[in-house]
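One-based numbering, in listed order, for ligands and for the atoms of each.
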Amino acid sequence: ACYLSGELDVEPGECIKVKGKIQSDAKGFAVNVGKDSSTLMLHFNPRFDCHGDVNTIVCNSKEDGVWGEEDRKADFPFQHGDKTEICISFDEAEATVKLPEAEFKFPNRLGMEKIEYLAVEGDFKVKAIKFS
Ligand SMILES: CCCO[C@@H]1O[C@H](CO)[C@@H](O[C@@H]2O[C@H](CO)[C@H](O)[C@H](OCc3cn(Cc4cccc(C#CCN)c4)nn3)[C@H]2O)[C@H](O)[C@H]1NC(C)=O
């Protein structure tokens, strides 16, 4: 897992680019952004085969340690072993996850005004993280 926490200050309109490689035997991985590990604007969790889900992206928020309502996306633009770049940005209404060939939206349920915490977990090898 790779965590950057507490010292980030990503504001609306700015983006976090996480570049890396999905492991060839990946079961799943997650990119979490928010205030800290208990307060997440977005838990972006592509599942190849875990928790009973196959090739499904599960998104959720977390408020004071309590998960919100899950949002399962229709598209699954990932394959084992893929190199990819995940760009996360947000505004007062929603978070946007831009991938090379897909884009997902998730409501900014907590009305967060900045991202101070980033964590990448699971079967994803981080090559670079850029803020722009
Ligand atoms: C049908 C009745 C029951 O319903 C199920 O109930 C489960 C428990 O609530 C939910 O699952 C939880 O869902 C939550 C989002 O909502 C979260 O993803 C949370 O995981 C947090 C978490 C993150 N990490 C780190 C990490 C991340 C990714 C990869 C790895 C790896 C690896 C090495 N191969 C490790 N560890 N734990 C998950 O447990 C299911 O979706 C839900 N299913 C449905 C259909 O509703």
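Taking 4.5 Å as the limit, some side-chain heavy atom of Phe124 sits within range of a side-chain heavy atom of Ile86. In this structure, the side chains of Ser38 and Asp64 stay at 4.5 Å or more apart for every pair of heavy atoms.
Shown here are the salt bridge (charged side-chain N to carboxylate O under 4.0 Å, His left out) partners of Glu94, two or more places apart in sequence or in another chain: Lys105. With sequence neighbours excluded, the residues satisfying salt bridge (charged side-chain N to carboxylate O under 4.0 Å, His left out) with Lys73 are Asp71.
Ring to ring, Phe106 and Phe90 are not that close: their centroids are 6.0 angstrom or more apart. Aromatic rings from Phe78 and Phe29 are positioned such that their centres are separated by under 6.0 Å.
The shortest N or O to N or O distance between Lys27 and ligand 1 is not below 3.5 Å. In terms of polar-atom proximity, defined here as any N/O pair under 3.5 Å, Trp67 makes no such contact with ligand 1. Not one N or O of Asp53 is nearer than 3.5 Å to an N or O of ligand 1, by distance alone.
Among protein heavy atoms, the minimum distance from atom 27 (C) of ligand 1 is reached at Ala30 CB, 3.8 Å. For atom 33 (C) of ligand 1, the nearest non-hydrogen atom of the protein is Asp123 OD1, 3.2 Å. The nearest protein atom to atom 41 (O) of ligand 1, hydrogens excluded, is given as Glu70 OE2, 2.6 Å; this is a heavy-atom distance. Residue, atom and distance of the protein heavy atom nearest to atom 12 (C) of ligand 1 are Arg47 NH2, 3.7 Å. Nearest to atom 24 (N) of ligand 1 among the protein's heavy atoms is Glu121 OE1, 4.1 Å. From the protein, the heavy atom lying nearest to atom 31 (C) of ligand 1 is Gly122 CA, 3.4 Å.
At a distance under 4.0 Å, a protein heavy atom can be found next to atom 21 (C) of ligand 1. For atom 36 (N) of ligand 1, the nearest protein heavy atom lies 4.0 Å away or farther. Within a 4.0 Å radius of atom 10 (C) of ligand 1, the protein has at least one heavy atom. Within the 4.0 angstrom cut-off, atom 7 (C) of ligand 1 has no protein heavy-atom neighbours. Using a 4.0 Å threshold on non-hydrogen atoms, atom 4 (O) of ligand 1 does not count as touching the protein.
Using modelled atom types, one side-chain atom of Asp123 and one backbone atom of Gly28 make a donor-acceptor pair closer than 3.5 Å. Using modelled atom types, no side-chain atom of Asp82 and backbone atom of Ile22 make a donor-acceptor pair closer than 3.5 Å.
Close approach of ligand 1 to Gly28 is summarised as follows: ligand atoms under 4.0 Å from at least one heavy atom of the residue are 29 (C).
Ion pair Lys98/Glu103 flagged as a salt bridge, since at least one NZ, NE, NH1 or NH2 atom sits closer than 4.0 Å to an Asp/Glu carboxylate oxygen.
The distance from the CH2 atom of Trp67 to the OG atom of Ser61 is 8.5 Å, given to the nearest 0.5 Å.
Nearest to atom 45 (C) of ligand 1 by heavy-atom distance, out of His43, His51, Arg72, is Arg72.
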